[in-house]
Amino acid sequence: MAHYLTIDQGNSEAKIALWNDTTLEDFRMEPALTPRKVSEFTGGRSLAGTIYCSVAREDVDIIRHLRHLCPRAIRLTPDTPLPIRVDYRTPTTLGADRVAAAVGAWGDYAGRPILVVDAGTAVTYDYVDAEGTYHGGNIAPGISMELRALHEFTARLPLVPFPENMPELCAELFGRDTRQAIALGAVYSVVASIHFYRSRLPRETVVVLGGGCGHHLASVCDFDARVDEHLVSKGLNRILLYNETL
């Protein structure tokens, strides 16, 4: 039994996952990750490999601790070998989480073009073709960011909470009051973007939704969308396993 540890350090929290080869065994979200919490999560298990990526400030203490836990500790960088080809003009500025999400989706749908939508604090829309080449993507505000921005950058618009029950909200096309109008505007802006990108890609393109908002968005899409809330963690694990074969 080979255990692998993946850590995805996001803007607001870290996602740590323990894999038994390619099977997810345990998962936790930590708003403030520390070396002690990593050790508690692994529970003294022997690790065959670890991988860390961050879209925020890299935590040197966490990286040092991972190297203490396991000699085979990888920090995902633009130089890390990948199972897909990256065709991006500035690879050093490409978010590691976007790369990992693309690898995670490709591992499940290899041979088909993929629109990878990672919906969290921001929403990223990335494209991987049927041959496994990553062609870039776009970045936009996430739903919660849009809701907060409308409140903070206007004089009178209220702060509307994230709409947990999207099917009920989206039973209406237009809001009948200001709070509903704000919520629908934020949700439909993301749904419409997914629909637009999908319409410009090959018909056989698979839409894969990751991130904390993925399952919410899938519930109001009028087209087939696959949901994988552990998409980035899965991609990190596949990158780790790929590097073991080199």
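What you find for P158 and T178 is that their closest heavy atoms are CD-CG2, 4.1 Å. In this structure, L147 and P163 approach most closely via the heavy-atom pair CD1-CD, 4.1 Å.
The ring pair (Phe, Tyr, Trp, His ring centres under 6.0 Å) test applied to Y197 returns Y125, not counting sequence neighbours. The ring pair (Phe, Tyr, Trp, His ring centres under 6.0 Å) test applied to H151 returns no partner, not counting sequence neighbours. F162 is linked by a side-chain contact (heavy atoms from CB on, under 4.5 Å) to I143, S144, E164, M166, C213, H216, counting only residues two or more places apart in sequence or in another chain. Evaluation of the salt bridge (charged side-chain N to carboxylate O under 4.0 Å, His left out) rule for D108 yields K234, R238 as partners, not counting sequence neighbours. With sequence neighbours excluded, the residues satisfying ring pair (Phe, Tyr, Trp, His ring centres under 6.0 Å) with F27 are H230. Partners of D177 by side-chain hydrogen bond (donor to acceptor under 3.5 Å, both in side chains), not counting sequence neighbours: none found. By the ring pair (Phe, Tyr, Trp, His ring centres under 6.0 Å) test, Y242 pairs with no residue at all, sequence neighbours left out.
Among pairs with a residue in residues 29-55, those fulfilling salt bridge (Lys or Arg N to Asp or Glu O under 4.0 Å) read E25-R45, R28-E30, E30-K37, R36-E40, at least two apart in sequence or across chains. Judged as a salt bridge (Lys or Arg N to Asp or Glu O under 4.0 Å), not a single pair has a partner in residues 210-221 (not counting sequence neighbours). Residues in residues 194-203 take part in no salt bridge (Lys or Arg N to Asp or Glu O under 4.0 Å) pair, two or more places apart or across chains.
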Show every donor-acceptor pair shorter than 3.5 Å between a side-chain atom in residues 96-103 and any protein atom, with sequence neighbours excluded, or say none if there are none.
unit_1: R98; atom_1: NE; unit_2: D126; atom_2: OD1; d: 3.1
unit_1: R98; atom_1: NE; unit_2: D126; atom_2: OD2; d: 3.4
unit_1: R98; atom_1: NH2; unit_2: D126; atom_2: OD1; d: 2.7
unit_1: R98; atom_1: NH2; unit_2: Y134; atom_2: OH; d: 3.1

Review item, side-chain donor-acceptor pairs of residues 181-191, under 3.5 Å, at least two apart:
unit_1: Y188; atom_1: OH; unit_2: C170; atom_2: O; d: 3.4
unit_1: Y188; atom_1: OH; unit_2: E172; atom_2: O; d: 2.7
unit_1: S189; atom_1: OG; unit_2: E146; atom_2: OE1; d: 3.2
unit_1: S189; atom_1: OG; unit_2: E146; atom_2: OE2; d: 2.8
unit_1: S189; atom_1: OG; unit_2: G185; atom_2: O; d: 3.4
unit_1: S189; atom_1: OG; unit_2: A186; atom_2: O; d: 2.7

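Heavy-atom neighbours of H68 NE2 from other residues, nucleotides or ligands within 6.0 Å: at or below the threshold of 12.
Separation of atoms CG (N237) and CG (L24) is listed at 9.0 Å; rounding is to 0.5 Å. From L18, atom CG reaches atom OG1 of T23 across 11.0 Å, with rounding to the nearest 0.5 Å. Taking CZ from R75 and OH from Y52, the interatomic distance works out to 9.0 Å, rounded to the nearest 0.5 Å. Here the CG-CZ distance, from D129 to R112, works out to 14.0 Å after rounding to the nearest 0.5 Å.
Between D228 and R226 there is no salt bridge, since none of the side-chain N atoms of the basic residue sits less than 4.0 Å from a carboxylate O of the acidic one.
Without hydrogens or angle criteria, T77 side chain to D79 main chain gives a donor-acceptor distance under 3.5 Å. Within the 3.5 Å criterion, the main-chain N or O of L47 finds no donor-acceptor partner in the side chain of H3. Judged by distance alone, the side chain of T80 and the main-chain N or O of L76 form no donor-acceptor pair under 3.5 Å.
Among V208, D118, L209, the one residue that satisfies the side-chain contact (heavy atoms from CB on, under 4.5 Å) test with L231 is V208.
Linking ILVMFWY residues whenever their side-chain heavy atoms come closer than 4.5 Å, directly or via other members, places F196 and V220 in the same cluster.
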* May I have the step-by-step check of side chain to side chain contact (heavy atoms under 4.5 Å, CB included) for V207 and I194, ending in yes or no? => CA-CA 8 Å; V207 178; I194 299 171; 4.0 Å; yes
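With a 4.5 Å cut-off on side-chain heavy atoms, P35 and V38 do not count as touching.
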